[in-house]
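Each remark here refers to the structure printed beneath this line.
Numbering of ligands and ligand atoms starts at 1, following listing order.
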Amino acid sequence: MKAAFIKEHGNIEKLIVGALNAPKIAANEVLIETKYAALNHIDLFLINGWPGLNLKMPHVLGSDGSGIIKEVGSEVTNFQEGDRVSVNPGTSCGKCHMCLSGKQVFCKDFSIMGEYGWGTFAQYFKVPEVNVLKLPSSFTLDKAAAAPLTFLTAYRMLKTQARMSQGDIVFIHGAGGGVSSAAIQIAKYFSGTVIATTSNQEKMRKAKDIGADFVINYKETPNYDKYVYEKLTNKQGVDIVIDSIGKATFQTSLRLLRLGGRLIIPGSTTGPLAEIDIRHIFWKHLEIKGSSMGNQNEFREVMDLIFKGYLDPIIDKTFDFDDIVKAENYLNEGKQFGKVLVKFP
Ligand SMILES: [Zn+2]
């Protein structure tokens, strides 16, 4: 099968399109003929590698994909050849206490497709039946690949970790990313007010189009925390901050929060070490929580909202699969708003 894989770590040029044998499925797995795959920043981290990462090469990347079931394992009961499907990229052992109590993200074997096992950047990929979701007939395969990782991540952040409720003011750093644009829509679905930041006019307009109430250009308004406090929240601060930026914004995020506020951290793109003024935490009774991916139930809930049209995965650009290196470079430049996809012939 045709696949995009690495044989060694390095820059994006280490990603090769070539031929590999198709994966063999276990009794509880299905084999999917890929129609679309979506890019994620984890692709870039994996290509680069990190200390302690020891992948068996060649390694096929790709954490989001949709397609048609080609083969089912002997124990698979809910699917058959020809089903159009989307996939939860989070896999776990399925047997431990955490898995059996619905907390798959706390399983010690939890991983993302394409992280340790082979992913979706191939003509065929395999996945346990429990991760597969049949698509309604009217739902398109491109959106079925664009949605899972980002919407699952954003849904768990707001619903489970931040316990968002109606009327909450949600502040989102960097509106252009896949998780951020999903979070804007989910926060609006939960009847909140959304304040987002971004760096250019075009992204400001797009963030407003998908529901952000206020969008701030952080380059033009570097003291935006003051602006939010005084002008947008009547000197209260916000209920929830979503901060995947890390070092560059951590202090600002603490300042933005009101009494009882929740800071949710799904990443730290500008670096992992930040200074904290601890007084903010106890004076304001703040909660600081991490979040990463989500559980099977959360996946099914958020996909149901997408299938019903309450949430709409935004696709920025679709490349041909053969141009996947171009697509990864495009993602790396950070100019996109929403997801970058590759399409299989
Ligand atoms: Zn488990």
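- The only member of Val194, Val179, Ile264 that meets side chain to side chain contact (heavy atoms under 4.5 Å, CB included) when paired with Ile242 is Ile264.
- Annotation: cation-pi pair Lys343/Phe321 absent, no NZ/CZ under 6.0 Å from the ring centroid and within 45° of its normal.
- Only protein atoms were considered; those of element N, O or S under 2.8 Å from the Zn ion (ligand 1) number 4.
- Salt bridge Asp142/Lys339: absent, no basic N to carboxylate O contact under 4.0 Å.
- With respect to the salt-bridge test (charged N to carboxylate O, under 4.0 angstrom), the residues Arg205 and Asp209 qualify.
- In this structure, Phe299 has its ring center at least 6.0 angstrom away from the ring center of Phe151.
- Using bins of under 30°, 30° to 60° and over 60° for the plane-to-plane angle, the ring pair His173/Phe171 lands in the perpendicular bin.
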